[in-house]
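Inspection log for the structure reproduced underneath, given as structure tokens.
Throughout, a chain's letter reflects where its sequence line sits, starting with A, and its residues are numbered from 1.
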Protein chains: 4
Amino acid sequence: MRAAVSKSFPKTKKDVVVEFRREMIFEAAAKAFGRAGYEATSVDAIAAEAGIGKGTVYLYFASKAEIYLSTTMHELNKIHAETVRRFAVLSSCKEKIELFIRIRLEYVESHRDFCRIYISEFGSAVTQPDPIQKQLRKMRLRQADLLTNAISDGIAAGEIRQLPARSAAFLITDVTRGLLERRVLGGSKSYPGEDLRAILDLLWNGLKGGTP
Amino acid sequence: MRAAVSKSFPKTKKDVVVEFRREMIFEAAAKAFGRAGYEATSVDAIAAEAGIGKGTVYLYFASKAEIYLSTTMHELNKIHAETVRRFAVLSSCKEKIELFIRIRLEYVESHRDFCRIYISEFGSAVTQPDPIQKQLRKMRLRQADLLTNAISDGIAAGEIRQLPARSAAFLITDVTRGLLERRVLGGSKSYPGEDLRAILDLLWNGLKGGTP
Amino acid sequence: MRAAVSKSFPKTKKDVVVEFRREMIFEAAAKAFGRAGYEATSVDAIAAEAGIGKGTVYLYFASKAEIYLSTTMHELNKIHAETVRRFAVLSSCKEKIELFIRIRLEYVESHRDFCRIYISEFGSAVTQPDPIQKQLRKMRLRQADLLTNAISDGIAAGEIRQLPARSAAFLITDVTRGLLERRVLGGSKSYPGEDLRAILDLLWNGLKGGTP
Amino acid sequence: MRAAVSKSFPKTKKDVVVEFRREMIFEAAAKAFGRAGYEATSVDAIAAEAGIGKGTVYLYFASKAEIYLSTTMHELNKIHAETVRRFAVLSSCKEKIELFIRIRLEYVESHRDFCRIYISEFGSAVTQPDPIQKQLRKMRLRQADLLTNAISDGIAAGEIRQLPARSAAFLITDVTRGLLERRVLGGSKSYPGEDLRAILDLLWNGLKGGTP
DNA sequence: TATGAATGAGGCTTCATTCAT
DNA sequence: TATGAATGAAGCCTCATTCAT
């Protein structure tokens, strides 16, 4: 039994292995869930994708629901962390909004598998088992908060007009999701750059506001 | 899918009965799917909700997937039709956009059960079986087209500035979905009116454009 | 939905079918459990033994545990009922004890399959899941009570000497179980009649008491 | 099974270690099996109880079934040996019978964990895999033989009347098991002493016999 | 036409056993 | 020698679908 204190620092070899395995499974699960969604994905499929035995999965996760939730949180945390990190060096609200969207677009490009989760689960949170739903909602709020803060700052700085920051933040997250969705589903024939530029332009005009 | 026109004119009594039964099942399915999502809803549950036998459901639909798709399309068609109908009497783009959103908000209020489908399935379309996905995508495009046209008209009329109508249309549909989602999930504590007004304001400013 | 009143009398056709099916499964379950015990018997095996599909079993029983408990109670009830019925025409305690044992011996002969449950589960009650254990214990007590009463009556009638009726009753049930066990496992080479006669003689002498 | 004598005289150090380890596991297994029965006890649980690795268990036992059988035999051998040892100093049959039961009652008190095995497995022997069953039956016969001999001696000595010694012996073992069972399951509210005295009295009267 | 009993494939999870370290 | 991570067979149970009535 490892004492509470030792927990943070001296990673035992076992800890490393466990972390490695979990990461492996995260990746496989992201792919598998991304392909078919929560219900339609079997634990078998995840194990196969990870190239390990089905039983092995249960050494690292207690249940299918936990795999799902952990995988989703793991990825969302990464995106969140990167957003926070890169926000730090920016001062203007405009730049932050653009970066917010751009990070997610990049993510979608480089994580074709997981992005489907990113997109669909925010949406279909409606139908998930309850504990999962709660967590997902929390993550979503946390994401919106990044923007809410940026916008509030922008308002304070006179960069944008007086408006309800939170509503604006949600508007941006919603639009971002739609953008990603069209990228992934290929519904939009426009070059992503074009679509993005148009969206940003619209957003920005909306935020800056029609000063008569 | 039976197009109303396609089959020779006089609807037989049988056709009427069939239509009636299907309608019944649509309603029940909307409620049931809305409660729990596609996978977690059993055909049994739908039959029970409709007050008929499970076997009977299969006389009117070939499979669970078909029930789902048909139900979804049925509802979306109703929304679409109403939108078209009410667009007809409006001329300004601004009014149309507002109406587009308002119709959907009203819908959510009066169809608490089905609206979860409306919301989640646009999102989780990503993870549906392929034929379902295709149909849903088509519906989504058709919906966006209503706005695209309205916007194009607005541009032509000089009501709003020159901008890619399609991108703007998608932006509106995405924002609308987010709005509904927050209504249903109760994540937003703001009065719906407030949130809506803020969103409309933002949209409109974005569309009208920053005339310096 | 059948009203509460109608429950006892007019057996619907469905009730009959259900009863029939349950009986079928009881029989199969008795055989299967008898062969291998609770844990080692699969629901599949029971279904196969009954000649029906696995899913069908679950139309009549909620779980494996319920099958087990119901089957056991069903059989034990039959034995109990017969004992009660045949006790009614007897007056002497001696006869009752002999009948008690004889009924169970007959049962073992004619129900080779279930008798293993009868025997082992009284014994291995120790290791069953809790709700099962409780029920089994109750059945066992009920069985012993039949004898306790008979013995009390015998004491009152001066037929046997003063002694703790309950302890004596348990002694008889224990001995009976052992007798059956040896019959079923074939461990005893003595003719059953001999063993039985010896046991009865011992019991009777024990109960009647050493008249000096 | 390693008979102490069979292998050349000088026990190697290895033999000692092996014996030690097996003993450790016996103890742990007795506790674990006693808690939950054969099927519901995992090898993991046994290893944990013994404070060793799961793999280690398999260095000393070939399978779970072997652990079970060995453990049971180990305990039964201890009881048997003690019975033999303490029988040696007694001459009357009556004393021996009383001692036989008393030893087992004491055992139950001091080995709360294993006693459940002692009780249930004689009973559920019916449902064990065959090789286990055979061994258990043998142990049971050996146990009964102790009593058979004592009774035969008693008859020869005129201490008790002429009767089938073997049947009487079984009767005693059966009654003993029942006694223990009630102790462990707590079904009997009578003080154990009372129950025991009543049983002994009954037995003795039965054996000594009805003097006409 | 309407029904729901019957079915069995398939899903999640556990656990005895093996084997590389 | 000791370990425990890895495995996959096997178990319980659900549910979409069929079919005899």
Between protein and nucleotides 3-5 of chain F, what N or O pairs are separated by less than 3.5 Å?
| from | atom 1 | to | atom 2 | distance (Å) |
| --- | --- | --- | --- | --- |
| F:dT3 | OP2 | D:G53 | N | 3.1 |
| F:dT3 | OP2 | D:T56 | OG1 | 2.3 |
| F:dG4 | N7 | D:G55 | N | 2.9 |

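- In this structure B:Y60 satisfies the ring pair (Phe, Tyr, Trp, His ring centres under 6.0 Å) test with no other residue, sequence neighbours excluded.
- For C:V57 against C:I25, the heavy-atom pair with the smallest separation is CA-CD1, 4.2 Å.
- In this view, A:Y58 and A:V43 satisfy the side chain to side chain contact (heavy atoms under 4.5 Å, CB included) rule, not counting sequence neighbours.
- We find that CZ of B:R22 is positioned 14 Å from P of E:dA2, with the value rounded to whole Å.
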**Message:** A:F61 vs A:F26, test: side-chain contact (heavy atoms from CB on, under 4.5 Å). Steps then yes/no.
**Reply:** CA-CA 10 Å; A:F61 296 91; A:F26 281 149; 3.7 Å; yes
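- Rounded to an integer number of Å, the gap from CG of D:D44 to P of F:dT7 is 17 Å.
- Residues passing the side chain to side chain contact (heavy atoms under 4.5 Å, CB included) test with A:K14 are A:T12, A:V18, sequence neighbours excluded.
- For A:E39 and E:dC12, the CD to C1' distance is 12 Å, given to the nearest whole Å.
- Residues A:V43 and D:S42 both approach DNA chain E. Their nearest nucleotides, taken by heavy-atom distance, put A:V43 toward the 5′ side.
- Regarding A:I67, its CD1 atom lies at a distance of 8 Å from the P atom of E:dT13, rounded to whole Å.
- Here F:dT7 presents its P atom at 15 Å from CD1 of A:I46, a figure rounded to the nearest Å.
- Here C:E27 pairs with nothing under the salt bridge (charged side-chain N to carboxylate O under 4.0 Å, His left out) rule; sequence neighbours left out.
- Separating the CD1 atom of C:I25 from the C1' atom of E:dA6 is a distance of 11 Å, rounded to the nearest angstrom.
- Among residues at least two apart or in separate chains, salt bridge (Lys or Arg N to Asp or Glu O under 4.0 Å) pairs with a member in residues 36-47 of chain D are D:D44-D:K54.
- The side chain of D:Y58 lies closest to E:dT18 when the candidates are F:dT17, E:dT18, F:dT14.
- Atom pair C:F61:CZ and F:dC12:P shows a separation of 15 Å (rounding to whole Å applied).
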**Message:** Only Watson-Crick and G-U wobble pairs with both distances less than 3.5 Å should count. Give DNA chain F in dot-bracket notation, marking inter-strand partners with |.
**Reply:** .||||||||||||||||||||
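- Rounding to whole angstrom units, OH of residue A:Y68 and C1' of E:dC12 are separated by 18 Å.
- A search for side chain to side chain contact (heavy atoms under 4.5 Å, CB included) contacts involving C:E49 returns C:A28, C:K31, C:R35, not counting sequence neighbours.
- Every residue two or more places apart in sequence or in another chain that forms a side chain to side chain donor-acceptor pair (under 3.5 Å) with A:E23 is listed here: A:H74.
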